[in-house]
Amino acid sequence: MPELPEVETTRRGIVDHLCGAEIADLVVRVPKLRWPISPALPYELRGEVIRTVERRGKYLLLRCVRGTLLYHLGMSGSLQLVPPGRRAGPHDHVDLVTGAGPVLRLTDPRKFGAVLWVEGDPLKHPLLRDQGPEPLTADFDGAYLLARSRGRSRSVKAFIMDSKVVPGVGNIYANEALFQAGIRPSTPAGWLGAERCDRLAASIKEVLIRAIAAGGTSLRDFVGGDGRPGYFSQQLQVYGRGGEPCNRCRTRLVETRQEQRSTVFCRHCQR
DNA sequence: CCCAAGACCTGGCGGC
DNA sequence: TGCCGCCAGGTCTTGG
C-alpha cells in the first residue's frame, strides 16, 4: 500500500497536529515489527518535542530535539490520528501519545513496518544514507537515470524500484510510470538512451504528483493520517488491469511476473 | 560489485 | 462450509 504518495498523504494528514507537540508516551503493544522496539524507548521519548514531520523516500521522520523518530509502513502499515482512549484492534501495534489531543496510531497486520529512534543526523543512518535523490526534486532527472543505468543488466522496472537509485517508487507506480513512458518493464536498464531516460524521469514525477493530488491509492483499507481514503486507483492505467484493454490502444494488457512482483504492460504501447 | 531469490508476517480470495 | 495454496503496497539479508 504505502509507496511515496501514500506516505506523503499520511505526512500531510498528521503534520499540523504533531509539529510542536510534546511526546507524553509511546504505547507499544506489539514490539516485534521489522526490528524489535526497545522496551526503553518510551522512557527515552518522554518529554521530547516534535519539531518537524518530514518524508524521505517511504520513511517518515519526526524530528525532535535530541533525535528523530523514524516510521516505515512496510507493506500493510498505516498511520492514523485517533481519539485518545479509542480501543485498540489486534493490529494496532504502537501509539504515540502527545498531550490531550489525538493519538498517532500505527496499524500493520503484516508487521513489516518499523519504528526507530535515531540520534544524530537521520540522513546519515544506514537505512537512509544510501537512498537516491528524491524523485520530486530537480536532482532527479533523465541525465541522472542515464548515468546510473550505464552497464546495468537488470530490468528497468527493478532498477526504478531500487531505493538506491530512487526511493519511493514501488510496484504500483513503477508499472504506471513505465506505461506512461512507453517502456517495456523487462528492458535492461542499460539499454535505455537519453531520450527514454528523460521520458522515464518525467513519467515517474508526473505519476507520483498525480497520485499525491488524489490522496494516494487505496487498496484494501488504506487511509491517510486524517482517515480518508485515496482515489488514485481510479486513474490506474495498468496496475491490477491484466487482461483488460489498454486505455490507449485497446490491446489486452499483459500480466507477468518479474522478480516475484506482478507486472502489467501493453505490448503495443510499451517497447 | 551486481543480481535474483529468500526471508520476514498476516489476511483475503479463488478453487476444490 | 472448510481447507489449501497463492497472492498482496517493501526491503533487508543472503548466496551465487
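Letters A, B, ... mirror the listed sequences (proteins, then strands); counts begin at 1. Just so it is clear, the values below take in all heavy atoms, side chains as well, and ignore hydrogens, waters and symmetry mates.
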Is [X] near enough to [N] that one of its side-chain N or O atoms lies under 4.0 angstrom from OP1 or OP2?
| X | N | value |
| --- | --- | --- |
| H72(A) | dT11(C) | yes |
| S153(A) | dC3(B) | yes |
| R110(A) | dG10(C) | no |
| S76(A) | dA8(C) | no |
| K111(A) | dC8(B) | no |

Please determine whether a side-chain nitrogen of the Lys or Arg among [X] and [Y] lies less than 4.0 Å from a carboxylate oxygen of the Asp or Glu.
| X | Y | value |
| --- | --- | --- |
| R252(A) | E244(A) | no |
| D141(A) | K205(A) | no |
| D162(A) | R154(A) | yes |

Within this structure, what is the [atom1]-to-[atom2] distance between [X] and [N], rounded to whole angstrom?
| X | N | atom1 | atom2 | result |
| --- | --- | --- | --- | --- |
| D92(A) | dT10(B) | CG | C1' | 14 Å |
| R34(A) | dC9(B) | CZ | P | 10 Å |
| Q258(A) | dA8(C) | CD | P | 13 Å |

Which nucleotide, [options], lies nearest any side-chain atom of [X]?
| X | options | answer |
| --- | --- | --- |
| R152(A) | dC12(C), dC2(B), dG6(B) | dC2(B) |
| R261(A) | dC2(B), dG10(C), dC12(C) | dG10(C) |
| Q260(A) | dG6(B), dC12(C), dA8(C) | dG6(B) |
| H91(A) | dC12(C), dG6(B), dT10(B) | dT10(B) |

Touch class at under 4.0 angstrom, heavy-atom based, for [X] against every strand present:
| X | result |
| --- | --- |
| R257(A) | sugar-phosphate |
| F159(A) | nothing |
| S163(A) | nothing |

key: pi-stack flag for F112(A) and dT11(C), centroid dist under 5.5 Å, interplanar under 30°   = no
request  = Indicate yes or no: at least one non-hydrogen side-chain atom of K111(A) is less than 4.5 angstrom from one of H93(A).
outcome  = yes
inquiry  = Pairing check on dC9(B): which nucleotide meets the Watson-Crick or G-U wobble criteria with it, both distances under 3.5 Å?
reply    = none
ask   = Can you find a donor-acceptor N/O pair under 3.5 angstrom joining the side chain of R154(A) to the base of dA4(B)?
value = no
inquiry  = Does the structure place the NZ or CZ of R46(A) under 6.0 Å from the centre of the six-membered ring of Y43(A), at an angle of no more than 45° from the ring's axis?
reply    = yes
query = Considering only the P atoms, how many Å lie between dT14(C) and dC9(B), rounded to the nearest integer?
reply = 15 Å
